[in-house]
Amino acid sequence: MRVDELITLDHPKALEVYRHSCAHLLAQAVQQLFPETKLAVGPPIENGFYYDFLRDRPFTEEDLARIERRMKELAEQDIPIVHKWLPKEEVLRYFESRGEIFKVELIHERGGDPVSCYQQAEFLDFCKGPHVPSTGYLKALKILSTSGAYWRGDERNPQLQRIYGTCFPTATALVEYLHQLEEARRRDHRRLGTELDLFSVQDSIGPGLILWHPKGAVIRRQLEEFLYEAHFRRGYQVVYTPHVARLEHWRVSGHLDFYRDYMFPPMELEERVPYQLKPMNCPFHIVIYKSRRRSYRELPVRLFEFGTVYRYERSGVLHGLLRVRGFTQDDSHIFCTQDQIEAEILGVLDFIREVLGTFGFHEYKVYLSTRPEKFVGTLEAWEVATQALQQALERVGLAYAVDPGEGVFYGPKIDVKIRDAIGRWWQCSTVQVDFNLPERFDLTYVGPDGHPHRVTMIHRAILGSMERFMGVLIENFAGAFPFWVAPVQARVLPVSDRHADYAVRVQHRLFQQGFRVEADLRDERVSAKIRDAELEKVPFIFIVGDREAAQETVAVRVRGLGDQGPWPVAQIEAHFHRLRASRRLDLWPPEG
RNA sequence: GCCGGCGUAGCUCAGCCGGUAGAGCGGCUGAUUCGUAAUCAGCAGGUCGCCGGUUCGAGUCCGGCCGCCGGCUCCA
């Protein structure tokens, strides 16, 4: 965007400009109402904007209400927003005289001479723009929340008061956005977790530690069975490993030096040899690989485990299932030769596509994370490993962005984010190439020449963490799970007591074939039972009365579709078998 | 960890300026035997997150701790 470019409302960047101007409006209002406040920065963000302020007291609810009112008044006054090129000296003197230390710092750092500034009435800000021509353009705006934020995002710097807001060109667009927020709240996995009785987190157990209730455990088991089966088909071997290992092992792996901040403290046993709860599974798979000599003929060796790890996460970052302290990874380590790396990465990328596609996730964002500041190994090894990942991505034609310095300490990685039903992105899969742990643990295979060669490791997880993925699933489906994962797949509702026997017969018939079917024999009206089953998002409701009992049918009610009329139990049974086997996401109709 | 808000029955929440706790849902019991989103009635259920302080008296005020929520920073 050039400053002098004409930007109309249909321009892709229009909303950004609009919100940026709204951030200025916020700052103007704040400085009018609270003149002692100093300005930091105020950019547009994905769904709105924020502005950071330095102030000794935080903003209260009433403050925010006043600020919003003032913003609307200023918008109504339709104050022209004027772009100015001012001499650097003059601008610096201006901000210095006002004690605007952050502005002065910013101008020194990135201001040219003359300096680009924007002015609306008495309010002047250092800014490259562009902006809307006047405050009157800013129609539908709303202050949303406040928070603390560090100057330049560094927690060693002073903490500022951030005010978040959003704005749209029309009131309807704003209302629509607020509805979206409402929709996200409705799908919140923490809320649904309680409502559907899937899991809990309890004070007595500890923050970030998940208890899976029976219904949540059913879902998890379906995922596990699916993944075990899929791994088996792709030549992986399942292993199980302990949750703790001698601390010394973590010293060799480098975790003690490079990952200590994320580990639970070591524990000392009677013989005074310290043990460490595991933050990762790789050091265990490594020793399984190393337990005997390996020939090049058996590579690649692909070890897979639902490995539960524990990481110390700072209390403020915990969030339901999405950020926890104990979680289970669908973790695998592939041990292969250098020549096999590319094929293995391609295989993993294909595997990711298959697994995530099964849940209906087809849109991805891919990131290549490169060497971080603290790392083990040589620069050459990092270079080769990064190349390998990059080549694989280019080979399959996946668009990706580079995330500099975001790799793990032992290697670079590919991260995959998926888009959910309401457009949010979640990090799940990860693929990492590692030349370093094989070195540290002296992992070799015997080549055709009869000599030992260094093996290469690929770390990968597809769902990432069972906890996080299930949180994403809950939100994605809003608790209305596909047939194959639904905790209760069908519920049979007798119309009155005398149909209870038939209801139980239907239930048993399906239950015997491994379907999760319940009969609701409570002394309630049918409509009450329907309501309860609907609220629990049970995919199929079968209502049985005199007509159904006489004809060996059930009156089918499908989640989201309503009454589908009578169907022979035999046909329902066949439909269920097909639904389960195909892991189809829709429920109806039975054909295809 | 940091900033702000919050913590009352299983869940959602009410409780004014301090006077000793309430609703709806859920649970239990009884009546009702009912055809596509809530049948009626009765009953039970709370050391008001924990510890300390102020006060004649604390769910209410103050302090500390624990936890949760929105962010910051960070991540599977």
Side-chain angles (χ1 to χ4, degrees), chain A residues 50 52 55 57-61 63-64 144-164 185 188 190-191 194-195 197 200-208 261-262 279-281 307 309 311-331 369 406 408 413 415-417 426-430 432 459-469 471-472 493-500 523-536 541-548 555-558 562-566:
Chain A
Y50 67 79
D52 285 345
R55 185 176 188 240
R57 278 180 308 136
F59 295 101
T60 64
E61 284 291 313
D63 292 341
L64 296 181
L144 295 173
S145 59
T146 59
S147 90
Y150 304 103
W151 169 238
R152 293 172 181 274
D154 189 327
E155 64 187 24
R156 288 163 303 198
N157 286 339
Q159 190 155 32
L160 310 168
Q161 306 293 329
R162 176 170 296 179
I163 298 180
Y164 285 94
R185 259 193 295 279
D188 192 309
R190 292 164 300 184
R191 177 196 167 125
T194 306
E195 280 176 9
D197 199 14
S200 62
V201 186
Q202 297 184 33
D203 287 9
S204 58
I205 302 301
D261 290 350
Y262 288 102
M280 288 190 194
N281 301 301
V309 297
R311 296 184 186 172
Y312 169 73
E313 298 284 355
R314 299 159 105 196
S315 62
V317 307
L318 300 174
H319 183 89
L321 297 176
L322 301 178
R323 193 73 183 276
V324 295
R325 285 186 176 156
F327 59 99
T328 302
Q329 299 176 305
D330 57 329
D331 205 2
S369 299
E406 292 303 310
V408 204
K413 61 174 179 171
D415 282 331
V416 178
K417 290 190 183 185
W426 307 93
Q427 147 93 67
C428 294
S429 315
T430 181
Q432 306 160 357
H459 308 238
R460 51 107 282 197
I462 296 180
L463 302 186
S465 124
M466 299 304 282
E467 285 74 9
R468 176 177 288 181
F469 191 77
V472 172
L493 316 185
V495 170
S496 82
D497 275 1
R498 69 174 183 284
H499 311 112
D523 182 10
E524 286 290 347
R525 320 210 152 197
V526 178
S527 57
K529 294 182 189 179
I530 288 173
R531 181 182 151 84
D532 290 343
E534 289 281 356
L535 289 175
E536 287 174 53
I541 296 171
F542 299 140
I543 292 149
V544 297
D546 292 331
R547 296 196 291 276
E548 288 75 19
V556 178
R557 187 183 159 112
V558 181
D563 192 357
Q564 301 297 314

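Letters go in sequence order (proteins before strands), and every chain restarts at 1. Here the structure is a predicted model, which means the values were calculated and not measured.
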task = Could I get the full list of side-chain hydrogen bond (donor to acceptor under 3.5 Å, both in side chains) partners for Q329(A), not counting sequence neighbours?
result = N281(A)
inquiry  = Could you work out, with salt bridge (charged side-chain N to carboxylate O under 4.0 Å, His left out) as the rule, every residue matching R162(A), not counting sequence neighbours?
reply    = D52(A)
remark   = Letter by letter from the 5' end, nucleotides 63-76 of chain B scores (B base, S sugar-phosphate only, - none; protein heavy atoms under 4.0 Å) ----SSSBBBBBBB
request  = With heavy atoms under 4.0 Å as the rule, sort Y312(A) into base, sugar-phosphate or nothing.
outcome  = sugar-phosphate
query = Among all residues two or more places apart in sequence or in another chain, which pass the side-chain hydrogen bond (donor to acceptor under 3.5 Å, both in side chains) test with E61(A)?
reply = none
key: For RNA chain B, stems built from three or more consecutive Watson-Crick or G-U wobble pairs below 3.5 Å   = B:1-7 with B:66-72, B:10-13 with B:22-25, B:27-31 with B:39-43, B:49-53 with B:61-65
note = Expected string for nucleotides 39-51 of chain B under the B/S/- scheme (protein heavy atoms, under 4.0 Å, primed atoms plus P, OP1, OP2 as sugar-phosphate) is B------------
Shorter than 3.5 Å, N or O on both sides, protein versus nucleotides 24-28 of chain B: list them out with atom names.
none

Between N or O atoms, less than 3.5 Å apart, protein on one side and nucleotides 60-62 of chain B on the other: list the pairs.
none

ask   = What pairs with E406(A) under salt bridge (charged side-chain N to carboxylate O under 4.0 Å, His left out), at least two apart in sequence or on another chain?
value = none
request  = Would you indicate what A555(A) reaches in the nucleic acid, counting non-hydrogen atoms under 4.0 angstrom: base, sugar-phosphate, or nothing?
outcome  = base
note = Taken in chain and number order and not counting sequence neighbours, the residues that satisfy side-chain hydrogen bond (donor to acceptor under 3.5 Å, both in side chains) with Q564(A) are W588(A)
Side chains of residues 541-548 of chain A: which donor-acceptor pairs under 3.5 Å do they make with residues two or more places apart or in other chains?
residue: D546(A); atom: OD1; partner: R498(A); partner atom: NE; Å: 3.3
residue: D546(A); atom: OD1; partner: H499(A); partner atom: NE2; Å: 2.6
residue: D546(A); atom: OD2; partner: R498(A); partner atom: NH2; Å: 2.8
residue: E548(A); atom: OE1; partner: G545(A); partner atom: N; Å: 2.9

request  = Using the test salt bridge (charged side-chain N to carboxylate O under 4.0 Å, His left out), find all partners of R525(A) that sit at least two apart in sequence or belong to another chain.
outcome  = none
